[in-house]
There are 2 protein chains.
Amino acid sequence: MMLMTIGDLMDPETMSIREMCDAFDVTPRTLRFYESKELLFPIREGQKRLFTRRDRARLTLILRGKRFGFSLEEIRQLLELYYVGDQQETQLTRTLEVAQDRLSDLEQRRAELDDAIAEMKSQMGMIRDMLSGLSDGKDTA
Amino acid sequence: MMLMTIGDLMDPETMSIREMCDAFDVTPRTLRFYESKELLFPIREGQKRLFTRRDRARLTLILRGKRFGFSLEEIRQLLELYYVGDQQETQLTRTLEVAQDRLSDLEQRRAELDDAIAEMKSQMGMIRDMLSGLSDGKDTA
DNA sequence: CGATAGGTTGACGTTAACGTAAATAGAACG
DNA sequence: CGTTCTATTTACGTTAACGTCAACCTATCG
């Protein structure tokens, strides 16, 4: 029962597809699908995929983006704003402009979310009022 | 060119499907689809749909829910928390419990959103640093 | 009355984001 | 060497949320 050798380059930096699935609670299909959509770029050891620290950081952002309801294509564009290589000044300036737009979107969503939370609380207040009215009726009957 | 008569019951409370589409920027298909999924309940004048104030309030919530990435089924369940009829105490208590869970979800999302905003700002700071570094190099050359 | 405008009900088509199954490959165990 | 594990590619299937016809009704204008 050999578990590994030196030659296995058991890099703690990289993870197998199964390790990724366990760590992020996704299926292999999902990871391969994300690679095909150029959201992840695992390296290859022979035929097998090895996911790097960078892939894990990206996957974290991807899953959060999904919870926010962004499409994978929108997420892919968002990811481009991170991982800025050594670009030209013009390109960096452009990236910064796009990032500012995305930031405005996020802040807009935050405002909407605050509204939704306030409304939900108000609604709960009304239900509580109805309940206290009911128990009053019972108590004072 | 007659526009309307008294008998038309030109209720300012109700809107035709086209008025709804213009007001909310959706297609007729979308409104009919939402009705089929029991998210909206327009009344009928003969064959034609008439959307009430209640339908408009619901549609507002539906569209916001969509921007948050909720599925229509999730939204339908959320809508049940609003429009509470005259229910039994037990049922009201249950509704309140469910509402509390939804509220926790929303607040959880807001926390995540705050993280995302902070990260985006940090990333923009890094890009700005790179840019100032570039212009420094030019100025001091 | 005929044409036009606005609405209706099917019913099939489309896209995104995977699920699922079949066939294949290589490493390791016994 | 045969099996077992893990992973891979290929490819068809599925669900949600509509889009897009086609065929039909019906009120009103001219």
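Quick note: numbers below take in every heavy atom, side chains included, and nothing from hydrogens, waters or symmetry partners. First the proteins, then the strands, lettered A, B, ... as listed; each starts at 1.
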Worksheet item: Is the closest basic N to carboxylate O distance between B:Arg32 and B:Glu35 below 4.0 Å?
Response: no
Fill in: Distance-only donor-acceptor test, B:Arg18 side-chain atoms vs C:dG6 base atoms, 3.5 Å
no
Discussion item. Just to be sure I understand the rule, does B:Arg49 reach a base, reach only the sugar-phosphate, or reach nothing, if contact means heavy atoms closer than 4.0 Å?
Written reply: sugar-phosphate
Item to complete: For B:Phe33 and D:dG19, give me the distance from atom CZ to atom P, rounded to whole Å.
Response: 10 Å
Worksheet item: Heavy atom of residues 57-76 of chain A under 4.0 Å from DNA chain C: which residues?
Response: A:Lys66, A:Ser71, A:Leu72
Worksheet item: If you measure only the distance, is there a donor-acceptor pair under 3.5 Å linking the side chains of B:Gln123 and B:Glu119?
Response: no
Item to complete: Go through C:dT8, C:dT20, C:dA17 for me and flag the one nearest to the B:Ile17 side chain.
Response: C:dT8
Fill in: Candidates D:dA7, C:dT8, D:dC18 - which lies nearest the side chain of B:Arg32
C:dT8
Worksheet item: What distance do B:Thr93 atom OG1 and A:Leu131 atom CG have between them, rounded to the nearest 0.5 Å?
Response: 4.5 Å
Fill in: Nearest-nucleotide comparison on DNA chain C, the residue closer to the 5′ end among A:Thr27 and A:Gln47
A:Thr27
Worksheet entry | Rounded distance (Å) that lies between atom P of C:dG26 and atom CZ of A:Arg44 | 14 Å
Worksheet item: In whole angstrom, what separates A:Leu31's CG from C:dC18's P?
Response: 10 Å
Worksheet item: Just checking, any donor-acceptor pair under 3.5 angstrom between side chains of B:Thr52 and B:Asp55?
Response: yes
Discussion item. Does D:dA7 have OP1 or OP2 under 4.0 Å away from a side-chain N or O of A:Ser16?
Written reply: yes
